[in-house]
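Numbering starts at 1 and runs along the sequence shown.
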Amino acid sequence: MAPVPATPNTPDDDPETYVGLDVRTAERQARERGWTTVRALPPDAVITMEYLSGRLNFTVENGTVIRSWKG
């Protein structure tokens, strides 16, 4: 039987704390807080909805995070 893949842990971090930050600051802070994947997206981007543990998503408009969510 194949081994069960290790999935990254989701940091104990509130995504709402990133809203209002400029995207570079938000990405830096997210990585410092343990997020393994940080994804910045434009408003209304078409994305797949699979949940990825350890990923933090940002919606960015004019260089500022306007929404943030896990997965």
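- Residues that satisfy the salt bridge (charged side-chain N to carboxylate O under 4.0 Å, His left out) test with Asp13, not counting sequence neighbours, are Arg33.
- Thr37 contributes no side-chain N or O that, together with a main-chain N or O of Arg55, makes up a donor-acceptor pair within less than 3.5 Å.
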Item to check | Verdict with reasoning, Ile66 to Phe58, per side chain to side chain contact (heavy atoms under 4.5 Å, CB included) | outcome: CA-CA 7 Å; Ile66 61 171; Phe58 298 141; over 6 Å; no
Can you give me every donor-acceptor pair (side chain of residues 38-52, partner residue at least two apart or in another chain, under 3.5 Å) with its distance?
| from | atom 1 | to | atom 2 | distance (Å) |
| --- | --- | --- | --- | --- |
| Arg39 | NE | Asn57 | OD1 | 2.7 |
| Arg39 | NH2 | Asn57 | OD1 | 3.0 |
| Thr48 | OG1 | Glu50 | OE1 | 2.3 |
| Thr48 | OG1 | Glu50 | OE2 | 3.3 |

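- Checking side-chain atoms of Asn9 against main-chain N and O of Pro11 turns up no donor-acceptor pair under 3.5 Å.
- For Arg31 and Glu27, the salt-bridge test fails: no basic side-chain N is under 4.0 Å from an acidic carboxylate O.
- Shown here for Val65 and Val23, the closest heavy-atom pair between the two residues is CG2-CA, 4.2 Å.
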Checklist entry - side chain to side chain contact (heavy atoms under 4.5 Å, CB included) between Thr10 and Lys70: does it pass, once the steps are laid out? => result CA-CA 8 Å; Thr10 299; Lys70 297 178 182 183; 3.9 Å; yes
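- At a cut-off of 3.5 Å, with distance as the only test, no side-chain donor of Asp14 or Thr17 sits close to an acceptor on the other residue.
- Using a 4.5 Å heavy-atom cutoff, the side chains of Gln29 and Leu21 are in contact.
- Side-chain contact between Leu56 and Tyr18 is present, with at least one heavy-atom pair separated by less than 4.5 Å.
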